[in-house]
Amino acid sequence: MKLVAIGRLKAGPERELFERYAGRIRPALTVTELAPSKGSVQEQKRKDAAALLGACPDNALIVALDEGGKTPDSLRLAEMLSRWQESGRPIHFLIGGAEGLDSSVIQRAESVISLGKLTWPHMLVRVLIAEQVFRAQAINTGHPYHRESRPD
């Protein structure tokens, strides 16, 4: 699995937290960081889309992280991850730049998911997706990390 993102995650607490969760994922979640582009909003989105899609092989199963996507709960994401992994295709999670994803990325994506209606800094999105992929794997393997019961 690979996370392809616009921008660079600098040293600090966000990177440490990302590495904590990414290090638990099997197979490993690798990261490709791409430089943000410059220009008008439309130019940035177009250039970022070309860079993001260019970092993915033709057979990649692309999961775009976008505020307009579906908002699965953790159990549903675990089901989705299991199905994606069964495809045998390399899974690539794509995170756009500050202006979001171009429609060409959304159209190419196999799945478009949102981490909720709140706006998250792109660096925290990396942490959140790494934790949720780890959680999904824990759910799928029966590991006790995920607690299904909720307090009353």
Side-chain angles (χ1 to χ4, degrees), residues 1-140:
M1 283 186 283
K2 184 176 278 194
L3 185 135
V4 184
I6 301 296
R8 185 169 177 268
L9 187 55
K10 297 177 179 135
E14 295 93 346
R15 183 180 201 95
E16 291 170 18
L17 197 52
F18 173 79
E19 289 174 354
R20 179 188 307 169
Y21 289 110
R24 298 175 182 175
I25 296 170
R26 297 292 179 263
L29 177 66
T30 60
V31 178
T32 297
E33 296 180 320
L34 304 168
S37 56
K38 298 191 184 324
S40 69
V41 169
Q42 290 307 320
E43 285 177 290
Q44 287 178 48
K45 288 174 78 168
R46 184 180 45 76
K47 290 176 185 175
D48 288 350
L52 288 164
L53 294 174
C56 301
D58 290 341
N59 68 333
L61 189 152
I62 293 176
V63 180
L65 296 164
D66 184 78
E67 64 184 6
K70 294 181 180 180
T71 54
D73 62 17
S74 294
L75 294 175
R76 177 70 180 123
L77 183 62
E79 292 170 4
M80 294 165 76
L81 181 65
S82 180
R83 191 176 70 247
W84 298 335
Q85 288 178 312
E86 288 170 2
S87 77
R89 296 165 56 200
I91 302 166
H92 285 57
F93 294 94
L94 304 187
I95 301 174
E99 301 299 339
L101 293 172
D102 186 68
S103 62
S104 62
V105 175
I106 302 298
Q107 290 168 3
R108 168 67 174 83
E110 195 105 1
S111 277
V112 182
I113 60 173
S114 170
L115 297 175
K117 296 198 180 281
L118 299 173
T119 301
W120 294 101
H122 287 77
M123 300 313 164
L124 285 181
V125 169
R126 294 183 193 204
V127 174
L128 293 170
I129 198 62
E131 191 280 338
Q132 284 298 300
V133 168
F134 172 69
R135 181 178 298 274
Q137 288 186 338
I139 291 167
N140 289 338

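Remember, predicted model here, so these are calculated numbers, not experimental data.
Atom CG of L77 is separated from atom CH2 of W84 by 5.5 Å, given to the nearest 0.5 angstrom. Of the inter-residue distances, the one linking R24 atom CZ with Q137 atom CD reads 12.0 Å to the nearest 0.5 angstrom. Annotation: the span from W120 atom CH2 to L115 atom CG amounts to 8.5 Å, rounded to 0.5 Å. One finds the CD atom of Q132 at 10.5 Å from the CD1 atom of I25 (value rounded to the nearest 0.5 Å). To the nearest 0.5 Å, the span separating CG on L124 from CG on L17 amounts to 8.5 Å. One distance of note links CE of M123 with CZ of R8; it measures 9.5 Å at 0.5 Å rounding.
Put simply, the side chain of M80 reaches to within 4.5 Å of the side chain of I113, judged on heavy atoms. Proximity of F18 to L29: side-chain heavy atoms (C-beta onward) are separated by under 4.5 Å at one or more points. Here the side chains of V133 and L81 are in contact, with some heavy-atom distance below 4.5 Å. In this structure, the side chains of L94 and L53 come closer than 4.5 Å at one or more pairs of heavy atoms. Looking only at side-chain heavy atoms (C-beta outward), R126 and E33 come within less than 4.5 Å of each other. Counting heavy atoms from C-beta on, the side chains of L34 and D48 never come closer than 4.5 Å. In this structure, H92 and P90 have side chains that are in contact, with non-hydrogen atoms separated by less than 4.5 Å. Side-chain contact check for Q85 versus M1: some heavy-atom pair is nearer than 4.5 Å.
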For residues 101-111, run the donor-acceptor check on the side chains, cut-off 3.5 Å, and write out each pair with its distance to 0.1 Å, sequence neighbours left out.
residue	atom	partner	partner atom	Å
D102	OD2	S104	N	3.1
D102	OD2	S104	OG	2.7
R108	NH1	A60	O	3.4
R108	NH2	D58	O	3.1
R108	NH2	A60	O	3.3
E110	OE1	R89	NH1	3.2
E110	OE1	R89	NH2	3.3
E110	OE2	R89	NH1	3.4

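Put simply, the side chain of E86 never gets that close to the backbone of R83: no donor and acceptor are under 3.5 Å apart. Here the side chain of S37 pairs a donor or acceptor atom with the backbone of Q44 at under 3.5 angstrom.
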Stepwise side-chain contact (heavy atoms from CB on, under 4.5 Å) check, E14 with L9: CA-CA 8 Å; E14 295 93 346; L9 187 55; 4.0 Å; yes

V63/I91 under side-chain contact (heavy atoms from CB on, under 4.5 Å): CA gap, chis, key distance, verdict: CA-CA 7 Å; V63 180; I91 302 166; 4.3 Å; yes

Intermediate values then yes/no, side-chain contact (heavy atoms from CB on, under 4.5 Å), S114 and L65: CA-CA 6 Å; S114 170; L65 296 164; over 6 Å; no

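Taking the six-membered ring where the residue is Trp, F134 and Y21 present tilted rings, their angle falling between 30° and 60°.
Between R135 and S74 the shortest heavy-atom distance is CD-OG, 3.4 Å. Nearest heavy atom pair, residue L52 against residue C56, reads O-SG, 3.4 Å. Nearest heavy-atom pair, P72 versus K70, reported as atom, atom and distance to 0.1 Å: CD-O, 3.1 Å.
At a cut-off of 3.5 Å, with distance as the only test, no side-chain donor of S82 or E79 sits close to an acceptor on the other residue.
With salt bridges taken as basic N to acidic carboxylate O contacts below 4.0 Å, none links E16 and R20.
Remark: S87 engages no residue in a side-chain hydrogen bond (donor to acceptor under 3.5 Å, both in side chains) (not counting sequence neighbours). Under the side chain to side chain contact (heavy atoms under 4.5 Å, CB included) criterion, T30 pairs with K2, not counting sequence neighbours.
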